[in-house]
Amino acid sequence: MRDGHVGGHVHGALRYALVGVAVFALSAGSVVAQSTTAMAASAAPGVPQDPQVVFTENFENGQGAAPIVVTDYTGPAPVDQTYKADPAWLTACNGWVASQQNPANPPAGSGCGGWWSSVKQLAGTLGKWAGGDPATNHAVTAYTNADPGPNKTQLEAVTPVAIGAPNRFLTFSVDAAEVNCYANHAKMGFYLLDGQQAVPTFTTPIEPCANPGTTVGGIAVGTYTSNSPVLFGGSAVGLRLVNFQASGYGNDAAFDNVRILDVTPQLDAAYSPASVEVGTDATLTFTITNTSELAVKNGWSFTERLPTGLTVAAAAPATDCAAPQVTAPAGSGQIGVTGTLPAGQASCTVKVAVTAARAGTYTTCAADLAGYAGVNPPGCAAVRFVPPVLAFDAHAHGGRVSTRLLTVGPLEPSDITCTETPGADRHALVKATLPGLGSLRAIRTEASGSVDPAGLRTAAATARTAHLRLLGGLVTAKEIVSTAKAQGDDAGHVNSTGQVTLTDLKVNGVAITDTKANLTIDIPLVAKVVINEQVTSADGIAVNAIHIRTPAGADIVIGHARAALTVPGKPCPTY
């Protein structure tokens, strides 16, 4: 600045003037000035975390009292970064790595003349802002004493910086100070370099005079983050700082603490509810959380492979992300999402209904992403699909007789009737007489409903009858046992089984050893006898060990067991 300068003492509390204030949002498309006090990081979905510093340069390596031109500076190991700049800018008091500990006289040939003390004051102000020692802090300064021309590179890293992985959102942060704000302002723009390609990280250049974090003694100072992060495809990045101001009237600024920031949003996944019945829906919620500078993140994407057995349900996906594209066909096992986090938005969500045909725990982790760009992969999330809660219905009795003149039984019934609550019912009888038809002894019955550790349900019934003598000895047995069982599987289906065990059964003097279902024996003019009679349905099974029908109309059932599992609210079977 040829026409004088603004001086003044910097207040000792400058660095902490904005403690507790994370950012000053200036306007749509503007840069952000912020204090360098870090916000507390949080891993909670929807709560922005601070950007991660990929690279930083504070221009302090090997520095002392002697000023040097920035192109002669070498950064610390292991990178040992060096820098270049446009020769047209490295004239007329520009490009000096200066400090208040420098000699009182300007470097020979610097062109700084009587403004050298103001150059050093800019470096000291930046040191105070950053919480350091203003007397020893070094910064790259410019007290532009001639027209440099527009679009001049003030700083460019010679060696690309490794960032660890491709497809990250990157931007820049810099501490900057400017004086003589009544004149032309410096206009700084940061570029990412992908090989020879320069990609801008801003929509509006940085102007400390126009957007100061604070102003002390006429010096505008702040920390500025470029407002348009880039989804960078490479794994090594270069940096370039350009000043668009062409004039030497004003354009008096300094910068320090140049940082490349990783501002990649965090992707999280969660299921709700954590446990649902097979055949119903759970919601898989993806939360995409911005970083704390809340700059726009345009075009992030990911593809989630669902665990085997878990599929997208029929309900349409829902999202509050900007410019969304959600690909989640019903019945498929893959979800693709692309979207944007607008400037100022802390987070957005994508909700997809999922379902499973079989019970089990289904887990998604970072390894299940088929691909992703512009997001940090999530941790693991799990949902449990449990078998449906079916009602138990189980019944057993030793015998029942129905004739035209009388009804006997059921004898010693045990019953679990259409209930969701597990339990058991047991009964026993020493002896029973069937008037005019026969006798039996030692009846024992049991009906039960149980749930195993996997949540699978079983209804069961058993009837044991000993010393059977019917129809004047035409039907006899030492013991008969009938069982019925209905078991739910992990898909909510009911599988039924029935069995009859016979000991010394004789019908009309013939020993019966075949226990196949529904074996029918005809005693001419006397009765029709069915052994191991079974009736099945979708819900369960009924088993009669012996079922006798006579021409006179008598109906005799010995050893009845039936079991079923039904949907609550649906009528229980009556067979």
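Start at 1 with the first residue, then count along the sequence.
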Test of understanding: with salt bridge (charged side-chain N to carboxylate O under 4.0 Å, His left out), list the residues that count as partners of [X], not counting sequence neighbours.
X      : result
Asp490 : Arg358
Lys351 : none
Lys297 : Glu293
Glu60  : none

| said: Filter on disulfide (SG to SG under 2.5 Å), then keep only pairs touching residues 203-274, sequence neighbours left out; what's left? | reply: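 Those involving residues 203-274 are Cys181-Cys209.
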| Inter- and intrachain pairs under disulfide (SG to SG under 2.5 Å), touching residues 71-113, at least two apart |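 Pairs touching residues 71-113 that pass the test: Cys93-Cys112.
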Donor-acceptor pairs are to be reported for all side-chain atoms of residues 371-381 against protein atoms at under 3.5 Å, with residues two or more places apart or in another chain.
from   : atom 1 : to     : atom 2 : distance (Å)
Asn376 : OD1    : Arg168 : NH1    : 2.8
Asn376 : OD1    : Arg168 : NH2    : 2.6
Asn376 : ND2    : Thr264 : O      : 3.4

| task | Using the test ring pair (Phe, Tyr, Trp, His ring centres under 6.0 Å), find all partners of Phe286 that sit at least two apart in sequence or belong to another chain. | result |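 Scan of Phe286 (ring pair (Phe, Tyr, Trp, His ring centres under 6.0 Å), adjacent residues dropped) gives Phe302.
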| said: With a 6.0 Å cut-off (strictly less than), is the heavy-atom count around CD of Gln52, excluding the residue itself, greater than 12? | reply: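 Atom CD in Gln52 is not crowded, with 12 or fewer foreign heavy atoms closer than 6.0 Å.
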Atom pairs and distances, donor-acceptor, side-chain atoms in residues 328-343, under 3.5 Å, two or more places apart:
from   : atom 1 : to     : atom 2 : distance (Å)
Ser332 : OG     : Pro329 : O      : 2.8
Ser332 : OG     : Gln334 : O      : 3.3
Thr340 : OG1    : Asn298 : OD1    : 2.7

What pairs of donor and acceptor atoms, side-chain ones from residues 307-325 against any protein atom, are under 3.5 angstrom apart with sequence neighbours left out?
from   : atom 1 : to     : atom 2 : distance (Å)
Thr319 : OG1    : Cys321 : N      : 3.0
Thr319 : OG1    : Thr349 : O      : 2.8
Asp320 : OD1    : Thr349 : N      : 2.7
Asp320 : OD1    : Thr349 : OG1    : 3.4

| field | side-chain contact (heavy atoms from CB on, under 4.5 Å) partners of Thr74, counting only residues at least two apart | value |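 Applying side-chain contact (heavy atoms from CB on, under 4.5 Å) to Thr74 gives Asp80, Thr82.
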| task | Under the side-chain contact (heavy atoms from CB on, under 4.5 Å) rule, collect the residues that match up with Val386, sequence neighbours excluded. | result |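 Scan of Val386 (side-chain contact (heavy atoms from CB on, under 4.5 Å), adjacent residues dropped) gives Ser275, Glu277, Arg384.
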